[in-house]
Amino acid sequence: MVPAVAVVPGRPHSAELRSVPLEEPGPGQVRVATLAVGVCGTDAEIDAGGYGTAPGGDGYLVLGHESLLRVETVGPGVSGWAAGDLAVGIVRRPCPQRCPPCAVGRWDLCETGDYRERGIRGLHGFLRPALAVEADFLVRVPAELAPVAVLTEPLSVVEKAVDVAFRLQAARFDWRPRRAAVLGAGPVGLLAALLLLGRGLDVSVLDRRPAGSLKARLAVAAGARYLDDGEAPLEKAGPFDLIVEATGYAPLAFRAMRCLGPNGALALTGVTSGRRTLQVDANAVNQETVLENHVIFGSVNASRAHYAMAIEDLGAWVRRWGDLVGRLITGRHALPDFRAAFDRSPDDVKRVIEVAGEVAGA
Ligand SMILES: [Zn+2]
Ligand SMILES: [Zn+2]
């Protein structure tokens with residue numbers, strides 16, 4: 001048995017350490033040690049009881065979907081992996097019906113909604129010292145990226161959104177965006193800022209933290225402009241060729257629609273729960289969207305290719321920005337102190353739980 005952080009889905013604040021079986025790798029699987037797990041709003045929401053599904057028959061769900069893993073033992077029929085290799089686990093699994101996108105490895109575009117996700121939906125997560133995973137759902141990580149590779153999964157989500165924006169635009173003309181805005185300076189927002197700066201764009205990052213806050217300083221240190229939404233509103237700073245919305249605060253998404261320039265693209269990545277009613281100038285939004293040929297789209301999750309792009313970019317960023325990338329990790333906690341990682345402050349970017357140096361209980 002190994003200790004794991006698990007919840008009873010639907011029961012508020014049920015996250016606790018629980019003993020779970022140590023899985024043996026079956027055919028096509030490897031056993032991995034979990035070196036690090038990043039915590040995000042999804043984990044907090046599952047712990048709050050608003051989200052999450054236990055695997056069939058188990059009354060609990062092991063949390064953890066943002067991983068850094070080390071291969072320990074290789075099961076039958078697995079080639080290309082050896083003990084000591086570092087990897088990140090792919091979160092989503094295709095639906096059993098194998099809908100058209102799932103059938104071609106685009107589970108991120110699943111149409112039935114019956115996909116499973118490690119640590120979120122129907123599949124236990126990584127918050128335990130060791131587990132067995134399908135080798136086909138691992139992405140290789142170069143050893144030198146070990147300090148920051150736990151950012152791969154959240155970055156894969158950003159890679160997809162930006163990739164989709166560029167592909168949609170390329171389908172209609174030779175798009176050369178210059179000015180971008182990122183709404184939100186949390187992990188997704190700051191990762192989006194680095195990605196767009198890396199592509200040579202002029203980037204503004206908007207949040208509600210003061211200019212001297214850590215998030216603002218990280219954005220500026222990377223080369224972005226920081227906009228405190230209380231003082232320098234988006235509307236004055238625009239228009240933008242590309243906006244990535246990463247707060248999930250729906251009124252901001254509607255404001256962003258009116259801050260796009262001609263042919264501008266808006267990627268919505270924030271997941272919003274609950275209900276909100278909003279007054280908008282619907283005619284103006286509609287007219288500007290049409291007359292300026294705007295592209296507005298939603299994006300969630302990522303395909304294998306986006307994980308690979310994330311690892312590629314993390315390497316490029318470490319070469320360009322050095323330890324700035326690692327400064328996005330604002331707290332590291334041992335497994336028994338997992339609560340401290342869940343209790344994030346507004347100045348936290350990414351808190352990480354360091355799970356296993358060695359495989360415990362093997
Ligand atoms: Zn996450
Ligand atoms: Zn599907």
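Note that the coordinates shown come from a computational prediction; the quantities given were computed from them, not determined experimentally. Worth knowing before you read on, the calculation uses all heavy atoms, side chains too, and leaves out hydrogens, waters and symmetry mates. Both ligands and their constituent atoms are indexed starting at 1 by order of listing.
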Dump the intermediate steps for salt bridge (Lys or Arg N to Asp or Glu O under 4.0 Å) on Arg128 and Glu23, then the final yes or no.
CA-CA 11 Å; Arg128 43 185 161 157; Glu23 299 165 349; 2.9 Å; yes
Do other residues, nucleotides or ligands put more than 12 heavy atoms under 6.0 Å from the OH atom of Tyr51?
no
Give, rounded to 10 degrees, the angle between SG (Cys95) and SG (Cys110) as seen from the Zn ion (ligand 2).
110°
Using 30° and 60° as the class limits, which term best fits the ring planes of His124 and Tyr60: parallel, tilted or perpendicular?
parallel
The atom name of the N, O or S atom in Glu66 nearest to the Zn ion (ligand 1) is OE2
Apex the Zn ion (ligand 1); atoms His65 NE2 and Cys40 SG; angle rounded to 10 degrees:
100°
Would you say Val150 ends up clustered with Leu155 if hydrophobic residues are merged whenever their side chains have heavy atoms under 4.5 Å apart, either directly or through other cluster members?
yes
